[in-house]
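Structure record follows, encoded as structure tokens.
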There are 2 protein chains.
Amino acid sequence: MKAYTNKELEILIVLWELEAASVLQVHEALDSDKGYTTTLKLMQIMFDKGLLVRKKEGKKHIYKANIKRQVAQNNGMRNMIQNLFGGSTLGFAQSFLGNAKPTKKELDAIKAMIKQMEKDA
Amino acid sequence: MKAYTNKELEILIVLWELEAASVLQVHEALDSDKGYTTTLKLMQIMFDKGLLVRKKEGKKHIYKANIKRQVAQNNGMRNMIQNLFGGSTLGFAQSFLGNAKPTKKELDAIKAMIKQMEKDA
DNA sequence: TTTCATCTACGAATTATTTCGTAACAAACA
DNA sequence: TGTTTGTTACGAAATAATTCGTAGATGAAA
């Protein structure tokens with residue numbers, strides 16, 4: 001997967017949310033204290049890297065993320081399990097349950113997922 | 001929590017593994033193609049930042065991580081759920097089950113954890 | 001057209017991170 | 001003692017990432 005820096009991830013997150021957006025829209029969504037041209041430049045760089053796609057519309061560009069949120073999620077997940085948890089699935093699960101503090105409803109949904117997995121296996 | 005860069009995390013991981021180690025030991029464990037003084041400098045910076053502690057032993061320093069692995073794990077977890085998953089516990093759980101591909105045994109252990117949580121709640 | 005308000009492009013400054021060379025220091029020991 | 005070896009300290013170079021200013025392009029409006 002194409003690599004991205006932290007700021008770039010922030011922009012990807014905005015675009016996953018907005019689907020498609022102009023630089024101005026992204027800049028406003030970021031609500032940062034940095035200048036507009038900073039966001040512009042970052043998005044241009046991301047376009048050059050292939051992280052974003054864009055099409056011209058009037059005088060502006062409309063950008064989209066060129067990487068699926070789910071792909072990034074899966075990579076982040078694998079990466080974290082491998083590095084921070086040394087590959088320990090159980091340690092990871094434990095930290096997850098402790099930190100996400102799932103509600104009763106969510107726990108039920110998770111149990112259902114597990115049941116489904118067991119059936120598929 | 002104190003922030004750390006990527007390279008710094010690599011060193012933390014080694015130290016969590018080794019418990020306590022000299023620069024040389026860390027450098028060897030990293031098995032990188034960079035010079036020894038690079039590792040040395042990084043560890044000095046981390047010491048200055050308070051990420052590591054050390055004690056003199058003979059002419060060398062023995063370093064330890066000054067941040068618990070579990071704390072870093074919990075932070076990474078919260079961070080990831082919040083950013084990459086937009087706070088969606090279920091999305092996260094789904095990605096986890098899909099990527100970690102827990103074995104039957106691990107699934108059982110996870111179910112036990114859930115049962116325990118439900119009892120505590 | 002000319003003017004005006006947006007936008008983009010892009011070079012360059014700034015800041016953060018990583019890397020390394022060299023000097024100096026400390027312990028061991030010939 | 002003086003030489004060798006392993007180690008630290010530290011400045012500074014190299015690289016990467018972020019930020020911004022300014023010039024120029026584009027479309028809309030007078």
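In terms of phosphate contacts, B:Arg54 brings a side-chain nitrogen or oxygen within less than 4.0 Å of OP1 or OP2 of D:dA9. At C:dC7, one or more side-chain N or O atoms of A:Lys60 fall inside 4.0 Å of OP1 or OP2 (strictly under the cut-off). Listed pair A:Thr37 / D:dT19 fails the phosphate criterion, with no side-chain N or O lying under 4.0 Å from OP1 or OP2. Remark: A:Lys7 is not in phosphate contact with D:dT18, judged by side-chain N or O atoms under 4.0 Å from OP1 or OP2. B:Tyr36 has no side-chain polar atom (N or O) that falls below the 4.0 Å cut-off from OP1 or OP2 of C:dG21. For the OP1/OP2 pair of D:dT19 and a distance below 4.0 Å, the side-chain nitrogens and oxygens of A:Lys41 include no atom meeting the criterion.
As a whole-Å value, the separation of A:Asp48 CG from C:dA9 C1' is 11 Å. Atom CZ in A:Phe47 sits roughly 16 Å away from atom C1' in C:dC7 (whole-Å rounding). As rounded to whole Å, 10 Å separates atom P of C:dT6 from atom CG of A:Leu24. Going from atom NE2 of B:His27 over to atom P of D:dT8 covers 12 Å, rounded to whole Å. Atom pair A:Glu57:CD and D:dT26:C1' shows a separation of 15 Å (rounding to whole Å applied). Between the P atom of C:dT17 and the CG atom of B:Asn6 lies a distance of 11 Å, rounded to the nearest Å. Atoms CE (A:Met43) and P (C:dT8) sit 8 Å apart, rounded to a whole Å. Regarding B:Gln44, its CD atom lies at a distance of 15 Å from the P atom of C:dC20, rounded to whole Å.
Looking at B:Glu17, its side chain never comes within 3.5 Å of a backbone N or O of B:Val14 through a donor-acceptor pair.
Within a 6.0 Å radius of CD in B:Gln70, other residues, nucleotides and ligands contribute 12 heavy atoms or fewer. Within 6.0 Å of the NZ atom in B:Lys49, the count of heavy atoms belonging to other residues, nucleotides or ligands exceeds 12.
Remark: the B:Gln44 side chain and the B:Asp48 side chain contain no N/O donor-acceptor pair separated by less than 3.5 Å. Remark: the A:Asn6 side chain and the A:Glu10 side chain contain no N/O donor-acceptor pair separated by less than 3.5 Å.
A:Glu8 comes within 4.0 angstrom of no nucleic acid atom, judged by non-hydrogen atoms across all strands.
With DNA chain D read from its 5' end, the first of the two nearest nucleotides for A:Leu42 and A:Lys59 is the one closest to A:Leu42. Nucleotides of DNA chain C nearest to A:Ser22 and B:Thr38 differ in position, and the one nearer the 5' end is that of A:Ser22.
Checking D:dA9, D:dC20, C:dT8 against every side-chain atom of B:His61, the shortest atom distance belongs to D:dA9.
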